[in-house]
Each structure stands twice: as C-alpha cells, then as structure tokens.
Amino acid sequence: MKKVIYILIFIVFFLIICFFGYGNKFTKEKDIIYAYGEIIEKQAEMDKKIKGYIKDDYTFEKAKIIVNPYELCPLTALIIFNTEEDVSIGVNINGEDVTKTEKTKSHVIPIYGLYDNYDNIIKLTLGDKTVNYSIVTDEFDGNRINVDKTLNKDGLYFVSPNFESNAIYDSNGKLVWYIVGDYAGDIEYLPNGHFYISDPYQGTNGVKINYSSFIEMDYLGKIYNQYVSDFGYHHELIPLSESKMLVLGAEDKSDFLESVVYTLDLDTGKIIESFDLYDILYKVDSEWTKKLGSNYDIVINSAQYFKDSNELLISVRG
C-alpha cells in the first residue's frame with residue numbers, strides 16, 4: 001500500500017513539474033522562451049550591468065562587447081567604452097559604413113545587421129585611429145526565405161510570417177536580424193526607432209485563441225511596454241495616433257473566433273470602444289449561424305482604416 005502511495009505522489013509531483021516548469025520558463029522545440037516577467041527581469045539586470053560597464057575602464061582599443069544583450073535578437077550587440085573627450089565614432093559593419101555616433105565620452109554603441117554563422121568584423125573609427133572587433137554568431141535554425149535581389153537593390157526585406165518570428169533580410173538576401181521566440185504577426189514601426197509586435201504568450205487574460213497582448217520593443221530586443229486587454233490581439237495593429245491603437249481581437253466567451261475590433265488607449269491601457277462582427281451580423285439575420293453550421297468561425301484577417309471618411313475595411317474568412 002505504501003509503495004502505491006509513493007508512486008502516486010511521484011506521479012503528481014512529476015505532473016506539477018511538467019505543468020508549471022522550472023524557473024517559470026518553458027521550451028518549445030529548440031528555443032528557450034522565457035515567461036514575460038522573467039525576460040523583463042533579465043533585461044533589467046542587463047541594464048544595470050551596462051551602467052556598471054560604462055563606469056569601468058573600457059577604452060576605444062579595448063572595449064566591452066555584449067552579443068545579444070537582451071536575449072531576444074542574436075544578430076545584435078553592444079560595444080561599450082569611454083574616451084577622455086566628447087568624440088564621434090564611425091561604425092563600419094562587414095565592410096559597409098553604417099553610421100557615425102553623436103559626440104559623447106561614454107559610448108554605448110548598438111550594433112545591428114550582423115550575419116548569422118559568421119565572423120562579423122566591426123570597424124570603429126576615431127579620427128585617424130581605427131580598431132577592428134570580431135563578433136562570431138551562431139547559425140539561425142529557422143526557416144529562411146529566398147530573396148529576389150532585383151526587387152529591392154538598396155533596402156531591406158521585413159518578413160512577418162504567421163507562426164514564426166519576424167526577420168529582416170538585406171538586399172543580397174542575407175539574414176541580418178530576427179527574434180528568438182514566437183514574436184509573429186504584424187509589426188508597426190514607431191518614430192523613436194521602436195516597434196509594436198505580438199507578445200508570444202497566449203491565454204494570460206482568458207483569451208485562448210490569440211496572443212494575450214502586444215509589446216513595444218527596440219531592435220536590440222529590449223521591451224519597453226506591454227499592452228494587455230480582455231480581447232487580446234491577433235493579426236493586425238493600426239496606429240490611429242500616438243496614444244490610440246486600433247486592434248484586432250477576440251472574445252473567448254463567444255462561439256466565434258477573432259471577430260472583435262477595438263480601440264485601445266496606449267497611455268492608460270483601457271479599451272475606448274469596440275464591436276464584435278458576430279453581433280452585427282446577428283442583427284442583420286439572427287438565423288445566419290444555423291444556415292452556416294455549428295462549426296462556422298469568423299476570423300478577421302486584416303483591416304484598414306480610412307481617416308478622412310472614418311470608415312473601416314475588414315477582410316473576413318471562415
């Protein structure tokens with residue numbers, strides 16, 4: 001009898017571990033995806049370390065290099081050092097002049113556009129002095145795309161797949177940036193160099209069929225804000241102003257999926273107004289669900305807002 005009890009205790013303990021995981025994180029395929037609170041804590045720790053590195057005796061010739069500082073964007077880095085005077089630094093990545101920094105004594109230079117599985121050479125220029133730093137990156141193990149080099153000779157390709165992380169390819173078809181984890185879907189760019197993107201974690205607000213929220217991030221992978229609502233988020237974000245966002249969402253208690261459109265106040269996180277397409281269609285014809293069958297789902301794939309006429313065009317499948 002005691003043996004049976006011990007076995008039952010072990011099974012329960014094993015199931016608890018499987019369900020909750022170790023250290024509030026879980027794995028999906030080959031990537032380690034951190035729970036939202038944990039990645040924020042790790043990024044805050046990195047910010048403290050960066051402040052400490054700035055106070056250290058790193059120099060132009062012997063700088064501190066941190067690859068993937070915020071653990072989400074492996075093809076980025078920070079180069080940290082100090083100079084005796086306020087100076088500007090020229091930055092060249094793999095033979096291409098990228099930028100010239102503003103004058104300062106404490107230099108925290110973000111590096112973007114590294115190639116994966118490659119010995120990247122970063123050349124820094126200070127007056128007539130130059131120094132080369134080597135950053136070796138791991139190989140990207142996700143799906144790649146084939147780029148038609150004749151379409152975009154001087155620009156970048158931003159790829160936003162449905163169930164895999166956003167990525168950027170250069171005009172030569174080489175991968176130069178990606179996010180680790182399911183940060184998929186729409187990406188909306190901000191004037192400050194940040195962007196909005198989906199939070200990869202589902203179901204934290206009771207909406208199980210789409211993303212629980214979206215976040216504000218920069219290209220180093222640092223997270224600044226998270227926006228959580230009762231309707232969650234899927235497919236598309238439409239900025240209406242600096243403080244208002246039109247969001248495609250869902251209502252989990254409904255029999256229909258991803259049929260909500262709502263406006264979110266980005267300053268307060270409150271929903272300003274919303275509508276459910278199911279409610280509108282039901283008012284037109286209360287029998288339409290019976291005609292289409294019990295397994296019919298509404299999914300709004302995309303939307304476009306016309307400011308001048310205050311009209312919304314939506315694309316629906318199902």
Side-chain angles (χ1 to χ4, degrees), residues 31-34 39-83 87-126 129-142 144 156-159 165-170 172 174-181 183 187 192-195 197 215-224:
D31 296 332
I32 294 179
I33 312 299
Y34 293 100
I39 190 63
I40 289 297
E41 291 173 2
K42 286 179 173 290
Q43 292 192 355
E45 290 175 6
M46 175 54 65
D47 285 335
K48 290 180 181 178
K49 289 181 180 180
I50 291 170
K51 291 179 180 179
Y53 295 142
I54 294 173
K55 296 178 181 179
D56 290 339
D57 297 327
Y58 292 107
T59 65
F60 176 72
E61 291 82 7
K62 295 183 178 180
K64 174 67 178 180
I65 299 178
I66 310 173
V67 181
N68 191 13
Y70 294 108
E71 301 195 18
L72 293 178
C73 300
L75 300 184
T76 67
L78 286 174
I79 299 181
I80 303 170
F81 60 90
N82 294 290
T83 52
V87 295
S88 178
I89 305 296
V91 182
N92 179 292
I93 301 177
N94 293 325
E96 182 179 349
D97 290 330
V98 175
T99 189
K100 201 165 188 180
T101 67
E102 295 183 359
K103 290 185 177 181
T104 184
K105 292 180 182 178
S106 298
H107 304 266
V108 182
I109 302 175
I111 302 298
Y112 314 102
L114 301 175
Y115 296 146
D116 73 299
N117 193 28
Y118 192 77
D119 185 1
N120 298 268
I121 302 300
I122 314 302
K123 183 173 76 172
L124 302 182
T125 303
L126 172 56
K129 296 189 296 183
T130 62
V131 60
N132 289 336
Y133 289 103
S134 171
I135 298 180
V136 179
T137 52
D138 294 330
E139 184 175 7
F140 172 64
D141 61 357
R144 297 177 185 268
L156 297 169
Y157 295 87
F158 288 74
V159 181
S165 292
N166 283 267
I168 301 176
Y169 293 80
D170 67 11
N172 292 315
K174 290 187 177 181
L175 181 71
V176 293
W177 182 86
Y178 67 94
I179 306 178
V180 175
Y183 294 84
I187 181 169
N192 61 2
H194 300 173
F195 55 86
I197 196 170
I215 57 178
E216 178 185 347
M217 179 188 287
D218 67 19
Y219 288 95
L220 287 172
K222 182 176 179 179
I223 298 170
Y224 293 87

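What you see is a predicted model, and the numbers here were worked out from it, not measured in a lab.
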Rounded at 0.5 Å granularity, tell me how far [atom1] in [X] sits from [atom2] in [Y].
X	Y	atom1	atom2	answer
Asn120	Ser134	CG	OG	7.5 Å
Asp97	Asn92	CG	CG	4.5 Å
Arg144	Lys174	CZ	NZ	10.5 Å
Asn94	Tyr118	CG	OH	5.0 Å
Ile109	Thr99	CD1	OG1	9.0 Å
Met217	Ile187	CE	CD1	9.0 Å

Compare every heavy atom of [Y] with every heavy atom of [X], then report the nearest pair and how far apart it is.
X	Y	answer
Gly221	Gln43	O-NE2, 2.8 Å
Val108	Ile50	CG1-CG2, 4.3 Å
Thr59	Tyr133	O-OH, 4.1 Å
Ala63	Ile79	CB-CG2, 3.7 Å
Trp177	Asn166	CZ3-O, 4.0 Å
Leu220	Pro69	CD2-CG, 4.4 Å

Can you find a heavy atom in the side chain of [X] that is under 4.5 Å from one in the side chain of [Y]?
X	Y	result
Asn82	Asp57	no
Tyr115	Thr137	no
Met46	Ile66	yes
Tyr112	Val176	no
Leu114	Ile122	yes
Val180	Pro74	yes

Counting heavy atoms not belonging to [X], are there more than 12 under 6.0 Å from its [atom1]?
X	atom1	answer
Asn192	CG	yes
Asp138	CG	no
Glu61	CD	yes

Among Phe60, Tyr53, Tyr58, exactly one meets ring pair (Phe, Tyr, Trp, His ring centres under 6.0 Å) together with Phe81. Which residue is that?
Phe60
List the steps, then state whether side chain to side chain contact (heavy atoms under 4.5 Å, CB included) holds for Ile168 with Tyr219.
CA-CA 11 Å; Ile168 301 176; Tyr219 288 95; 4.1 Å; yes
Take Ile89 and His107 through the side chain to side chain contact (heavy atoms under 4.5 Å, CB included) test and state the conclusion after the steps.
CA-CA 9 Å; Ile89 305 296; His107 304 266; 3.7 Å; yes
Ile111 pairs by side chain to side chain contact (heavy atoms under 4.5 Å, CB included) with which of Thr76, Val91, Leu78?
Val91
